[in-house]
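Nothing fancy with the numbering, it's 1 onward along the sequence. Keep in mind that what you see is a predicted model, and the values were worked out from it rather than measured.
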Amino acid sequence: MRVVVIHYHEIALKAGNRGLFIGRLMGNLRKATGGKGVHGIQKQSGRVILKLRRDAEWPAVRARVGRVFGVANFALAARVNPRLPDLERAVGDGLTGRTFASFRITAKRAFKEFPLTSQQVNEHLGTFVLRLTGARVDLTRPELTVFVEILPGEAYVYFEKVPGPGGLPVGVGGRVVTLLSGGIDSPVAAYRVMKRGCPVTFIHFHSYPFLEKTSQEKADALAAHLTQFQYASRLYLVPFGEIQREVVLSVPPPYRVVVYRRLMARIAEQVAQKEGALALATGESLGQVASQTLENLVVIEEAVRLPILRPLIGMDKEEIAAAARAIGTFETSIIQDQDCCTLFTPKHPVVRSTVEEIRRVEGRLDLSALVAGGLARAAVEEYAFPPLAAG
Ligand code: ATP
Ligand code: MG
């Protein structure tokens with residue numbers, strides 16, 4: 001019978017969290033592989049096993065499992081009885097159609113009552129493969145590795161170990177509201193947050209009808225794409241143009257970007273409260289643009305009580321772009337649009353604002369009315385993965 005053997009990094013688990021971790025991992029694997037022919041899922045000696053129906057397509061299952069956070073590595077395996085003749089048969093079957101000049105057997109025994117040690121299994125099956133194929137044993141650089149795992153009651157044989165994304169299963173951590181701009185950085189920040197086990201609620205600020213709708217369409221596409229890592233998402237689309245107009249009436253040009261950012265943070269904090277989120281996150285990295293100096297980040301933080309996570313803080317643009325390509329958000333992010341913060345904004349924002357200065361210019365604004373108005377006019381989109389229509 002074909003199964004997928006999934007390994008996770010147990011070393012990172014504290015005893016009290018193990019049950020939560022594995023429960024989430026199994027639940028997420030079930031959601032991720034929905035509609036792909038997985039008909040059972042079980043826990044087995046520090047592994048998770050997915051049972052595949054006969055008609056399950058491995059490439060599709062492989063792509064899905066490869067995106068589940070918490071998976072260290074996984075393999076398509078044959079499940080057999082833990083007895084030498086059955087192991088020989090599984091190895092022999094698995095070798096048909098493969099050509100290789102050198103090989104090794106890598107056996108692991110998590111079942112100490114099994115009569116042979118791992119080394120004895122290596123030697124026994126090594127001799128078997130050698131006789132069958134004439135290939136030579138090479139322990140350091142084999143062309144083919146035959147993996148054998150012997151557990152209580154069953155054994156697994158496989159030939160290719162696929163790396164997983166690592167991280168922690170989404171749901172083991174607290175919720176985080178992520179400010180999603182439509183640019184390259186914030187989707188990567190959202191991915192990083194999810195990879196640490198925290199489900200994300202997205203919030204996007206747009207200046208429609210002052211500017212085109214493109215930024216909302218990008219945020220929508222990005223939220224839909226990122227949902228494949230957390231299975232269900234919500235996106236708040238907050239109209240920001242009116243708020244910006246108010247700001248323009250009383251805030252001198254150099255301070256506007258920082259004031260916009262503080263207003264975004266305040267609105268996001270309200271959404272966090274509604275959603276039960278414990279933190280905010282942005283795609284900011286230190287010194288990338290004038291609005292992201294340490295001084296300005298400090299001033300933005302001061303507007304809210306929740307911590308603002310900045311997973312990209314020490315990355316440079318090339319590293320972030322490479323990550324965006326790997327995640328699959330880059331192509332959407334580079335679509336031309338009009339960033340809301342370019343509306344009514346000068347080319348040269350203040351590089352080092354102070355809390356005192358900003359509070360003084362904000363003093364002329366009715367902040368709580370602006371925040372409440374933005375929140376009240378927000379539209380909310382829901383996403384599911386696999387998409388409901390597609391099953
Ligand atoms: P990004 O590539 O994510 O747009 P950026 O390098 O363009 O980042 P900024 O435009 O200064 O940097 O934005 C910094 C962060 O503020 C973004 O990463 C995002 O988290 C948040 N942000 C900016 N504009 C918006 C917006 N319109 N809606 C939601 N969040 C935003
Ligand atoms: Mg941007």
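Residues Thr106 and Thr145 bring no donor and acceptor atom of their side chains to less than 3.5 Å of each other. A side-chain N or O of Glu149 and one of His7 form a donor-acceptor pair less than 3.5 Å apart. For Glu269 and Gln273, the side-chain atoms include no donor-acceptor pair closer than 3.5 Å. Remark: the Thr329 side chain and the His225 side chain contain no N/O donor-acceptor pair separated by less than 3.5 Å.
Counting heavy-atom neighbours within 6.0 Å of Arg364 CZ, excluding the residue itself, gives a total above 12. A 6.0 Å sphere centred on CD of Glu160 holds more than 12 heavy atoms belonging to other residues, nucleotides or ligands. Other residues, nucleotides and ligands place more than 12 heavy atoms under 6.0 Å from the CD atom of Glu302.
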Atom pairs and distances, side-chain donor-acceptor, residues 108-115, under 3.5 Å, sequence neighbours left out:
unit_1	atom_1	unit_2	atom_2	d
Arg109	NH1	Phe114	O	3.2
Arg109	NH1	Leu116	O	3.2
Lys112	NZ	Arg109	O	3.0

Side chains of residues 274-284: which donor-acceptor pairs under 3.5 Å do they make with residues two or more places apart or in other chains?
unit_1	atom_1	unit_2	atom_2	d
Glu275	OE1	Thr201	OG1	3.3
Glu275	OE2	Arg234	NH1	2.9
Glu275	OE2	Tyr236	OH	2.6
Thr282	OG1	Glu284	N	3.3
Thr282	OG1	Glu284	OE1	2.7
Glu284	OE1	Arg310	NE	2.7
Glu284	OE1	Arg310	NH2	3.4

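Counting only heavy atoms from C-beta outward, the side chains of Val299 and Arg262 approach each other to under 4.5 Å. Between Val121 and Ile150, the closest side-chain pair of non-hydrogen atoms falls below 4.5 Å. Side-chain contact between Val4 and Val38: absent, with no pair of heavy atoms (C-beta onward) separated by less than 4.5 Å. By the 4.5 Å heavy-atom criterion applied to side chains, Leu125 and Glu88 are counted as neighbours. You'll find the side chain of Asn296 stays beyond 4.5 Å of the side chain of Val257, heavy atoms only. In this structure the side chain of Glu295 never reaches within 4.5 angstrom of the side chain of Val351, judged on heavy atoms. The closest side-chain heavy-atom distance from Val68 to Pro169 is not below 4.5 Å. Looking only at side-chain heavy atoms (C-beta outward), Lys51 and Gln42 come within less than 4.5 Å of each other.
One hydrophobic cluster, built from ILVMFWY side chains closer than 4.5 Å, cannot hold both Leu151 and Phe74; they sit in different ones. Under a hydrophobic clustering in which Ile, Leu, Val, Met, Phe, Trp and Tyr are joined whenever their side-chain heavy atoms come within less than 4.5 Å, directly or via other members, Leu222 and Val176 fall into the same cluster. Follow the hydrophobic side-chain contacts under 4.5 Å out from Val304 and you reach Ile243 in the same cluster. Side-chain heavy atoms closer than 4.5 Å link hydrophobic residues (I, L, V, M, F, W, Y) into clusters, and following such links, even through other members, never connects Val5 to Val80. In the hydrophobic clustering of ILVMFWY residues, with side-chain heavy atoms under 4.5 Å counting as a link, Val157 and Ile49 come out apart.
Across Pro386 and Arg64, no two heavy atoms sit closer than the pair CG-NH1, 3.8 Å. Between Leu180 and Ala219, the shortest heavy-atom contact is CD2-O, 3.8 Å. A pairwise comparison of heavy atoms in Leu312 and Asp185 identifies CD1-O, 3.2 Å as the closest pair. Pro252 and Ser250 make their closest contact through CD-O, 3.7 Å (heavy atoms, listed as atom of the first residue, atom of the second, distance). Closest approach of Ile22 to Lys43, counting heavy atoms only: CG2-CD, 3.5 Å. The two residues Ala272 and Val177 have their closest heavy-atom pair at CA-CG2, 3.6 Å.
Asp220 meets the side chain to side chain contact (heavy atoms under 4.5 Å, CB included) test with Tyr383; sequence neighbours excluded. Residues forming a ring pair (Phe, Tyr, Trp, His ring centres under 6.0 Å) with Tyr191 (at least two apart in sequence, or on another chain): Phe69, Phe229. Judged as a side chain to side chain contact (heavy atoms under 4.5 Å, CB included), and not counting sequence neighbours, the contacts of Leu367 are Leu263, Arg266, Glu362, Leu365.
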List the steps, then state whether side chain to side chain contact (heavy atoms under 4.5 Å, CB included) holds for Leu226 with Phe202. CA-CA 10 Å; Leu226 291 167; Phe202 302 104; 3.8 Å; yes
Verdict with supporting geometry, Val248 and Arg256, side chain to side chain contact (heavy atoms under 4.5 Å, CB included): CA-CA 7 Å; Val248 167; Arg256 285 177 193 164; 3.9 Å; yes
Decide salt bridge (charged side-chain N to carboxylate O under 4.0 Å, His left out) for Glu357 and Arg360; before the verdict, give the C-alpha distance in whole Å, the side-chain angles of both, and the deciding distance to 0.1 Å. CA-CA 5 Å; Glu357 278 172 326; Arg360 187 153 31 79; 5.4 Å; no
Could you walk me through whether Leu132 and Leu95 pass the side chain to side chain contact (heavy atoms under 4.5 Å, CB included) test, one step at a time? CA-CA 9 Å; Leu132 196 68; Leu95 290 180; 4.1 Å; yes
For Asp86 and Arg83, what are the C-alpha separation, side-chain angles and deciding distance, and is it a salt bridge (charged side-chain N to carboxylate O under 4.0 Å, His left out)? CA-CA 5 Å; Asp86 297 80; Arg83 302 178 341 158; 2.8 Å; yes
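Proximity of a side-chain donor or acceptor of Gln120 to a complementary backbone N or O of Thr117 within less than 3.5 Å is detected. Side-chain atoms of Glu381 do not come within 3.5 Å of backbone N or O of Leu235 as any donor-acceptor pair. Between the side chain of Lys218 and the backbone N or O of Ser333, at least one donor-acceptor pair lies under 3.5 Å. Proximity of a side-chain donor or acceptor of Lys31 to a complementary backbone N or O of Ala232 within less than 3.5 Å is not detected. Proximity of a side-chain donor or acceptor of Arg2 to a complementary backbone N or O of Ala56 within less than 3.5 Å is detected. For the pair Glu319 (side chain) and Asp316 (backbone), a donor-acceptor distance under 3.5 Å is present. Checking side-chain atoms of Asn28 against main-chain N and O of Gln230 turns up no donor-acceptor pair under 3.5 Å.
The side-chain contact (heavy atoms from CB on, under 4.5 Å) with Met194 is formed by just one residue from the set Val170, Leu168, Thr178; it is Val170.
Pairs engaging residues 141-171 under the ring-ring contact (aromatic ring centres under 6.0 Å, His included) rule: Phe147-Tyr158 [sequence neighbours left out].
Separation of atoms CD (Glu123) and OG (Ser118) is listed at 11.0 Å; rounding is to 0.5 Å.
Taking the six-membered ring where the residue is Trp, the centroids of Phe21 and Tyr8 are separated by under 6.0 Å.
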